[in-house]
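Notes follow once the structure below has been shown.
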Amino acid sequence: MASGSDLMDRLVSLCKRRGFIFQSSEIYGGTGSVWDYGPLGVELQRNVKDAWWRSMVHERDDIEGVDAAILMHPRVWEASGHVAGFTDPLVECRNCHRRFRADAPELNDSGQCPVCGTPNALSEPRLFNLMFKTFMGPVEEDAAVVYLRPETAQGSYVNFQNVLTSTRQRIPFGIAQVGKAFRNEITPGNFIFRTREFEQMEMQYFVEPGTDDEWFEYWKARRMEWIQSLGVRPEKLRFHQHGPDELAHYAKTAFDIQYEFPFGWHEFEGIHNRTDFDLRRHQEYSGKKLEYVDPVDRDKRYIPYVVETAVGVGRTVLALLADAYREEEVEGETRVVMSLHPRVAPIKTAVFPLVKKDGMPEVARRIHEALRAAGIPSFFDDSGSIGRRYRRQDEAGTPWCITVDGQSTEDDTVTIRDRDTLRQERVNAGRVVEWVREKLTTA
Ligand code: GAP
């Protein structure tokens, strides 16, 4: 089994071959660190977002969803501290004008440029803001500058009072959001790990000050459970606490959930105690009261503390793909299989007639259509040898392949092959939908 950069190369190549992920604008040579999701990738991504939304919003009474706009009032980013503080220190080569993060491992004390090799060429570090800027309206002037949001969280904070009054929630309660964010990252890379355009799934949980440490522990545990419920192996997951020099400008405490990617242990989710930093600053900058008044004791008023859970869709997809990738010897041949959990697998079933005659295609088509009508994403394939059809579905991560063979037309049964165990079970054709449904609910 491959590991490290070899494993990443194989994963990237499988993602392209099977239609999970393509490089953006590939026919023009690609765009730096932007990726497109193909037919299988978009289904996997949707399943991840649906699983998150279900566990955060639909299965709870205390969390509401919002979908705020990407473009916000520019004062939002002054209040949030992003205009002043969302920066990386960069050095620039005076000869080739390339820029590097001041803490990049390829730099040394001599000031030599690691790309063009010019000695003493690097400037003093200067702060570079990671927010993308654009202009609102027809005139490109300073007064028209707006930013592409670098996090979805601010859209939840500025709607705190709107959600509170329209839903009559009481503290503690949360606001959940899934949406795009943009960062002009200096060192993007590792496929979809760090990109300039990405999607976040963030939840802001508003609590009474003094109860924040307890809620922080609660959310750490829930988020670790969630990623394991999608099938990621527990031994590949761990917590990492941020030291004082890692903490974001808004955080009192922060823990990452890290996954052991083929390129090492890295964050894929952050849990942050943001205190009352954001609401207090928005109250100050907007002049609008963002206090919570206790409905029982109306003399009790406070700006809530926030415990945030923040995870990238792409990072979750990458962790799932890396965790699912297996190479195995089967009957003297290497098979590549994506052991994705059935909840997130893009296609749940593939239906094959063994041969294109003797009524087998008709029976197979009927089963395929019954599965689709039941809302189970299914794929029909009648071309190539049965072995090749299985291999294609193994790489796509399809948990069950249903084959209609000679016996099917005699006794109305089909075989269902399990992707991981390779065991085959004979099931009555009329029971296939029920069989798959049961497996999906118990998986
Ligand atoms: N609202 C808090 C916040 O944005 P963050 O740790 O900067 O915190 C949260 O980001 C999550 O968003 C990260 O754990 C990661 O999963 C994802 N993320 C952040 N920057 C990313 C990037 N450039 N590319 C892909 N995902 C990113």
Side-chain angles (χ1 to χ4, degrees), residues 21 24 31-37 45 48-49 52 66 68 70 72 76-77 79-82 85-88 101 129-132 147-158 174-205 216 219-220 223-224 226-227 230 232 237-242 246-259 261 263 265-275 277-279 281-282 306-322:
I21 295 160
S24 161
T31 315
S33 287
V34 190
W35 298 87
D36 296 341
Y37 286 79
Q45 192 194 50
V48 167
K49 289 191 273 186
W52 188 86
V66 297
I70 289 172
M72 302 180 75
V76 166
W77 305 110
S80 71
H82 283 82
F86 195 53
T87 49
D88 270 347
R101 274 177 69 133
N129 198 294
L130 300 183
M131 283 195 292
F132 278 99
Y147 300 96
L148 301 188
R149 66 181 176 196
E151 60 169 6
T152 63
Q154 300 303 325
S156 298
Y157 300 139
V158 298
I175 301 182
Q177 190 168 184
V178 177
K180 288 263 172 143
F182 303 82
R183 296 182 190 178
N184 199 2
E185 299 279 4
I186 308 309
T187 46
N190 280 326
F191 194 30
I192 54 170
F193 178 79
R194 183 172 286 114
T195 52
R196 295 194 167 110
E197 173 178 343
F198 56 99
E199 215 166 0
Q200 290 187 310
M201 304 182 283
E202 297 199 303
M203 193 280 300
Q204 316 302 318
Y205 203 71
F216 189 82
W219 280 111
K220 261 176 71 188
R223 298 309 302 147
M224 186 58 107
W226 181 76
I227 188 64
L230 302 188
V232 174
L237 295 163
R238 71 179 188 194
F239 284 113
H240 162 76
Q241 180 168 18
H242 281 209
E246 287 172 278
L247 281 175
H249 60 273
Y250 48 70
K252 166 181 149 186
T253 325
F255 273 73
D256 293 339
I257 301 180
Q258 293 187 332
Y259 176 77
F261 290 97
F263 43 89
W265 287 95
H266 289 280
E267 164 189 5
F268 85 92
E269 169 146 9
I271 298 114
H272 313 127
N273 182 342
R274 295 180 73 135
T275 68
F277 175 86
D278 300 271
L279 288 183
R281 295 269 293 197
H282 285 306
V306 171
V307 175
E308 173 188 59
T309 74
V311 62
V313 177
R315 288 240 182 131
T316 309
V317 165
L318 184 58
L320 292 173
L321 289 170

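Start at 1 with the first residue, then count along the sequence. Note that ligands are numbered from 1 as they come in the structure, with each ligand's atoms numbered from 1 the same way.
With Glu308 as reference, Arg274 is the one residue of Arg223, Lys252, Arg274 to meet the salt bridge (charged side-chain N to carboxylate O under 4.0 Å, His left out) rule. Of the residues listed (Gln177, Gln204, Glu151), the one engaging Ser156 in a side-chain hydrogen bond (donor to acceptor under 3.5 Å, both in side chains) is Gln177, and it is the only one.
Applying the 4.0 Å criterion to heavy atoms of Glu267 picks out, from ligand 1, the atoms 6 (O), 13 (C), 14 (O). Within the listing of ligand 1, atoms 14 (O) sit less than 4.0 angstrom from a heavy atom of Glu269. For ligand 1, the atoms closer than 4.0 angstrom to any heavy atom of Glu202 are 1 (N), 2 (C), 3 (C), 4 (O). Within ligand 1, the atoms closer than 4.0 Å to a non-hydrogen atom of Glu151 are 1 (N), 2 (C), 3 (C), 4 (O), numbered from 1 in the order shown. Residue-ligand proximity, Glu308 to ligand 1, at heavy-atom distances under 4.0 Å covers atoms 1 (N), 2 (C). Proximity to Arg274 (heavy-atom distance under 4.0 Å) selects the following atoms of ligand 1: 1 (N), 2 (C). If you number the atoms of ligand 1 from 1 as listed, the ones under 4.0 Å from a heavy atom of Thr195 come out as 22 (C), 23 (N), 24 (N), 25 (C). For ligand 1, the atoms sitting less than 4.0 Å from at least one non-hydrogen atom of Gly312 are 11 (C), 12 (O), 15 (C), 16 (O), 17 (C), numbered in the order shown with element in parentheses.
At a threshold of 4.5 Å between non-hydrogen side-chain atoms, the residues Ser80 and Tyr250 do not count as touching. Taking the side chain as every heavy atom from C-beta outward, Leu130 and Ile186 approach each other to under 4.5 Å. Counting heavy atoms from C-beta outward, Thr316 and Trp52 have side chains that stay 4.5 Å or more apart. Side chains of Ile227 and Tyr259 form no contact here, defined as non-hydrogen atoms less than 4.5 Å apart. Contact of the Gln241 side chain with the Phe239 side chain is not registered, since no non-hydrogen atoms from C-beta on lie closer than 4.5 Å. A 4.5 Å side-chain heavy-atom check between His82 and Arg149 finds every atom pair outside the cut-off.
Because its NZ or CZ atom is both nearer than 6.0 Å to the ring centre of Phe193 and within 45° of the ring axis, Arg315 counts as a cation-pi partner of that residue.
Considering backbone and side-chain atoms alike, Arg194 places every N or O at 3.5 Å or more from each N or O of ligand 1. The distance criterion of under 3.5 Å between nitrogen or oxygen atoms is met by Phe268 with respect to ligand 1.
Between atom 21 (C) of ligand 1 and the options Tyr259, Phe198, Phe86, the minimum heavy-atom separation is to Phe198. Counting heavy atoms only, Gln200 comes closest to atom 9 (C) of ligand 1 of the residues His266, Glu199, His272, Gln200. Within the set Arg183, Gln204, Arg315, Arg149, the minimum heavy-atom distance to atom 5 (P) of ligand 1 is found for Arg183.
Looking only at heavy atoms of the protein, atom 11 (C) of ligand 1 is closest to Ala310 O, 3.7 Å. Of all protein heavy atoms, the one closest to atom 25 (C) of ligand 1 is Phe193 O, 3.2 Å.
The closest approach between any non-hydrogen atom of Phe182 and ligand 1 is not below 4.0 Å.
For the pair Pro150 and Gln200, the tightest heavy-atom approach, listed with the atom from each and the gap, is O-OE1, 4.2 Å.
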